[in-house]
Amino acid sequence: MTEEKWGQLRNRLLKTVGQNNFTTWIEPLEFDAVDGGVAVFKVPTNFMGNYVSQNFSDLILHELTMSGEPVQRLAFRVAVNSPARPTNPAGAAEAYGGAQEDLAVMTAPAAASASAAGKDTLEALQAAPLDPRFTFDSFVVGKPNELAHAAARRVGEGGPVTFNPLVLYGGVGLGKTHLMHAIAWELKEKNPQLNVLYLSAEQFMYRFVQALRERKMMDFKHLFRSVDVLMVDDVQFIAGKDSTQEEFFHTFNALVDQNKQIIISADRAPGEIKDLEDRVKSRLQCGLVVDLHPTDYELRLGILQTKVQLQRETYPDLRIADGVLEFLAHRISTNVRVLEGALTRLFAFASLVGREIDMDLTQDCLADVLRASERKITVEEIQRKVSEYYNIRMSDIIGPKRLRSYARPRQVAMYLCKQLTSRSLPEIGRRFGGRDHTTVMHGVKRIEELKTTDGQIAEDVEMLRRSLEA
């Protein structure tokens, strides 16, 4: 195989695995030869060769076969001229807070990054790229994220704030990264000279281990302590990495002492991150910790309506039937990224086949997404949760008693069954002691009304929904 052909194959791999994976794992590969049906590649370290073999070998082998190469398997050999390891790595680790464990875990990725960049020196510290789509203008605000949005906007205004750090936490696809990018864009627009550094916790660790390997810890400390705003995404990644946590702790303290702003994101509250040191948890909890709740139906519908307007710029002639957006907002409830991806696929598919986006096309095009997003919550599970929450027996929720202390929880349970399951109203009625579907409709409508006027009912419903969807 020629170098030109390998270059073409690498371009196809880039589109498949994404820029980050390509830069870290594919770009450092150096094609050597094809020998007896074995494609041989040179790699900087044994660890990297093992990682690529386990995670990308099938993909590379497929691309080679599609290119007409007579290859049955891959082999990876460490290049003779790879950078030598420090003569005393354990000593270097001990000299810097017992980092030997992190060094063992992170040496290969760090070496891969260095090889990929060619001259990846600490002096050339770069922030992770910001997505131009992730601004405050494109962020759809609803009740589940309004506090996080308000806090992020306050930080984005610049100037001193009363909370430092700002910690945003929540599940996948709820908008943490969007808000962090939006803060960075806002700060850069208001003050282009401001030194804003946005990176993932994983990148922070890579830089730290690289500094250990190259004996440049003073450079590392200077660079991270000289920023005006430090933004670290997915901080849970450093949990269990003792020496990285220690360096993060010292960096955090140094920046706070200089009144520099810190913004952190995580997939859960700092106090709930397993293997995160208590002192790090304490520092993270000393600022404003904001939860991005799972999206509700209204917010998902608002997001879809906003994204439809963007899609119309590409597909101005496409029509979307009434009820489609409402259907998607109901059915795809756990992840906004999946919701947006489903809409993008829907518009592209409708454009290709030249049809209106109606319910039939939606269900055909998104069959796999809808199956994956099918709610698994059962009526019985809802009844049990509600009875436990209100401290009544499950038989009282199902039974005929009409006392207010039973009727209201029963209506809440009916409302949740309508929202969180795909069961029809008659079927829900049968599960509640054989009640008529009109009784269920009345209960659902009553709770919808009370949610807007009774704060306690609204809180009860939200707490139960989050407990059921957890």
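- When all heavy atoms are compared, the tightest approach of Glu326 to Leu301 is N-CD1, 4.0 Å.
- The pair Glu449-Arg446 meets the salt-bridge criterion, since a charged nitrogen lies less than 4.0 angstrom from a carboxylate oxygen.
- The environment of Met359 atom CE is dense: over 12 non-hydrogen atoms of other residues, nucleotides or ligands sit within 6.0 angstrom.
- A cation-pi arrangement is absent between Arg410 and Phe432 under the rule of less than 6.0 angstrom and at most 45 degrees off the ring axis.
- Panel note: side chain Arg435, backbone Ile398; a donor-acceptor pair is recorded below 3.5 Å.
- A salt bridge is defined here as a Lys NZ or Arg NE, NH1 or NH2 lying under 4.0 Å from an Asp or Glu carboxylate O, and Lys221 with Glu247 meets this definition.
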### Query
Could you walk me through whether Leu346 and Leu328 pass the side-chain contact (heavy atoms from CB on, under 4.5 Å) check?
CA-CA 11 Å; Leu346 202 53; Leu328 292 176; 4.1 Å; yes

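- When side chains are defined from C-beta on, Ile238 does not count as touching Val232, because their heavy atoms never get closer than 4.5 Å.
- Remark: the Arg393 side chain and the Ser387 side chain contain no N/O donor-acceptor pair separated by less than 3.5 Å.
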#### Entry: Step-by-step side-chain hydrogen bond (donor to acceptor under 3.5 Å, both in side chains) determination, Glu202 to Tyr206
CA-CA 6 Å; Glu202 184 179 24; Tyr206 286 172; 2.9 Å; yes

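- How far CZ of Phe347 is from CD1 of Ile320: 5.0 Å, rounded to the nearest 0.5 Å.
- A donor-acceptor pair under 3.5 Å is formed between the side chain of Lys260 and the backbone N or O of Val227.
- Arg408 and Gln411 share a donor-acceptor pair across their side chains, judged by distance under 3.5 Å alone.
- Summarising the geometry of Asn253 relative to Arg283, their closest heavy-atom pair is OD1-NE, 2.8 Å, with the distance given to 0.1 Å.
- Remark: Glu381 does not engage Lys385 in a salt bridge, criterion side-chain N to carboxylate O under 4.0 Å.
- Heavy-atom neighbours of Asp322 CG from other residues, nucleotides or ligands within 6.0 Å: at or below the threshold of 12.
- Side-chain contact check for Asp436 and Thr438: at least one donor-acceptor pair (N or O, by modelled atom type) lies under 3.5 Å.
- Contact of the Leu212 side chain with the Phe220 side chain is not registered, since no non-hydrogen atoms from C-beta on lie closer than 4.5 Å.
- Rounding to the nearest 0.5 Å gives a distance of 5.0 Å between CG of Leu13 and CG of Leu59.
- Between the side chain of Arg312 and the backbone N or O of Leu318, at least one donor-acceptor pair lies under 3.5 Å.
- Val336 has its side chain out of reach of Arg300: every pair of non-hydrogen atoms, C-beta onward, lies at least 4.5 Å apart.
- Nearest heavy atom pair, residue Lys401 against residue Tyr406, reads CD-CE1, 3.4 Å.
- Remark: the backbone N or O of Arg133 is paired with a side-chain donor or acceptor of Ser138 at under 3.5 angstrom.
- Residues Phe22 and Phe56 keep their aromatic ring centres 6.0 Å or farther apart.
- Once rounded to the nearest 0.5 Å, the distance linking CG of Leu179 with CG of Leu166 reads 8.5 Å.
- Taken to the nearest 0.5 Å, the CD atom of Gln419 stands 10.0 Å off from the CD1 atom of Ile382.
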### Task
Could you give me the CA-CA distance, side-chain angles and deciding distance for Arg431 and Glu427, then say whether salt bridge (charged side-chain N to carboxylate O under 4.0 Å, His left out) is met?
CA-CA 6 Å; Arg431 300 294 185 89; Glu427 189 169 357; 3.5 Å; yes

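- Residues Phe327 and Leu370 meet the side-chain proximity criterion, which asks for heavy atoms closer than 4.5 Å.
- Side-chain atoms of Thr306 come within 3.5 Å of backbone N or O of Gly302 as a donor-acceptor pair.
- A donor-acceptor pair is defined here as one N or O able to donate and one able to accept, closer than 3.5 Å; such a pair exists between the side chain of His181 and the backbone of Asp131.
- Heavy-atom neighbours of His222 NE2 from other residues, nucleotides or ligands within 6.0 Å: at or below the threshold of 12.
- Counting heavy atoms from C-beta outward, Ile397 and Tyr390 have side chains that stay 4.5 Å or more apart.
- Remark: the backbone N or O of Asn195 is paired with a side-chain donor or acceptor of Asp228 at under 3.5 angstrom.
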### Verdict with supporting geometry, Lys451 and Glu462, side-chain contact (heavy atoms from CB on, under 4.5 Å)
CA-CA 10 Å; Lys451 279 179 65 183; Glu462 179 64 17; over 6 Å; no

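- Within 6.0 Å of CG on Asn11 lie more than 12 heavy atoms contributed by other residues, nucleotides or ligands.
- Taking the six-membered ring where the residue is Trp, His178 and Phe134 present parallel rings, their angle staying beneath 30° rather than reaching 60°.
- Taking both residues in full, the closest heavy atoms of Val290 and Ala151 are given as CG2-CB, 4.4 Å, listed atom of the first, atom of the second, then distance.
- Taking CD1 of Ile332 as the reference point, atom CZ of Arg337 lies at 15.0 Å (rounded to 0.5 Å).
- Counting only distance, with no hydrogens or angles, the side chain of Asn164 and the backbone of Ile262 share a donor-acceptor pair below 3.5 Å.
- Donor-acceptor pairing under 3.5 Å is recorded for the side chains of Gln19 and Thr23.
- Of all non-hydrogen atoms in Cys417 and Val379, the two that sit nearest each other are SG-CG1, 3.8 Å.
- Separation of atoms CG (Leu450) and OH (Tyr415) is listed at 11.0 Å; rounding is to 0.5 Å.
- Under the 4.5 Å side-chain criterion, counting only non-hydrogen atoms from C-beta, Cys286 is in contact with Pro165.
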### Task
Determine, stepwise, if the pair Phe204 / Phe224 fulfils side-chain contact (heavy atoms from CB on, under 4.5 Å).
CA-CA 9 Å; Phe204 180 89; Phe224 275 93; 3.6 Å; yes

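- The backbone N or O of Ile264 sits nowhere less than 3.5 Å from a side-chain atom of Lys176 that would complete a donor-acceptor pair.
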### Task
With side-chain contact (heavy atoms from CB on, under 4.5 Å) as the test, would you mind laying out the steps for Phe139 and Asn145 before giving the verdict?
CA-CA 10 Å; Phe139 189 83; Asn145 61 25; 3.6 Å; yes

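- Contact check on Glu157 versus Arg154 returns a salt bridge, with a Lys/Arg side-chain nitrogen under 4.0 Å from an Asp/Glu carboxylate oxygen.
- Leu14 is not listed as a side-chain neighbour of Ile26, based on a closest heavy-atom distance of 4.5 Å or more.
- Looking at Ser265 and Asp234, their side chains come closer than 4.5 Å, going by heavy atoms from C-beta outward.
- Shown here for Asp368 and Arg345, the closest heavy-atom pair between the two residues is OD1-NH1, 2.9 Å.
- Remark: Met394 CE is packed, more than 12 non-hydrogen atoms of other residues, nucleotides or ligands lying under 6.0 Å away.
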